[in-house]
Structures are given as structure tokens and as C-alpha cells.
Amino acid sequence: GRPDPIMVNAAMSHCGVTDPRRVVKVGDTVVDIEEGRNAGVHTVAVLTGTQGREKLEAARPDFVVPSVADLLGLLLPKSNI
């Protein structure tokens, strides 16, 4: 079970992704972040769940965003326009 990375690894295998640096695990719980860290992928904590910023930051995600709406700004390259 989680935070064992078996589900992340299975998704990567299913999609043909071998480089964990190309994967982002997004979640709103400490277990989500731990699962991503255990899989060696980037992690993003989203603050719209039941666990607060302090608790999520203690899990050491790579990024913390207020909501999933902020993911595009984080993941897409910045435009020069």
C-alpha cells in the first residue's frame, strides 16, 4: 500500500516512461508526497485538501501550490510574449 510507489511505477510502465524526472506526483496528503518521493519523481503538494501547509511542507514536496488551478503555471514553460 501507499506510500509504496507501486502505483506510480505501474503508471510509468503503462505509459512507457522510464525516467522518473519526467513525472510529477500531485497530491493533497502527506502520503501522496511520500509516495512520489519514494518513486523518485517530482512532487507537488496542493493545499485544497484536508491537510494544512505546515503538515504538507514537513513531507518535503518539491513545490506547494494553493490549488490544482496553479499547476499549469508551475508545469508549463513561461511565455516570452
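Every value quoted in this text rests on a predicted model; they were computed, and no experiment measured them.
- Shown here for Val46 and Val26, the closest heavy-atom pair between the two residues is CG2-CG1, 3.4 Å.
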Residues Lys25, Asp32; criterion side-chain contact (heavy atoms from CB on, under 4.5 Å); working and verdict: CA-CA 7 Å; Lys25 168 69 177 181; Asp32 291 329; 4.0 Å; yes
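- The two atoms that bring Leu56 and Pro61 nearest to each other are O-CD, 3.2 Å, heavy atoms only.
- Met7 and Val23 are assigned to two separate hydrophobic clusters, defined by single-linkage of ILVMFWY side chains at heavy-atom distances under 4.5 Å.
- The shortest heavy-atom contact between Leu47 and Gly52 is CD2-C, 4.5 Å.
- When the shell of 6.0 Å around CG of Leu74 is examined, it contains more than 12 heavy atoms from other residues, nucleotides or ligands.
- Closest approach of Val64 and Arg53 over heavy atoms only: CG1-NH1, 3.7 Å.
- Summarising the geometry of Thr29 relative to Arg2, their closest heavy-atom pair is OG1-NH2, 4.1 Å, with the distance given to 0.1 Å.
- A donor-acceptor pair under 3.5 Å links the side-chain atoms of Asp70 to the main chain of Ser67, judged by distance alone.
- Here the closest heavy-atom approach between residue Arg22 and residue Val17 is recorded as CB-CG1, 4.4 Å.
- Counting non-hydrogen atoms of other residues, nucleotides and ligands closer than 6.0 Å to CZ of Arg60 gives a total of 12 or fewer.
- Looking at Asp62, its side chain does come within 3.5 Å of a backbone N or O of Thr43 through a donor-acceptor pair.
- A donor-acceptor contact shorter than 3.5 Å links the side chain of Asn38 to the backbone of Pro3.
- Note on Val8: it does not cluster hydrophobically with Val31, by side-chain heavy-atom contacts below 4.5 Å among ILVMFWY residues.
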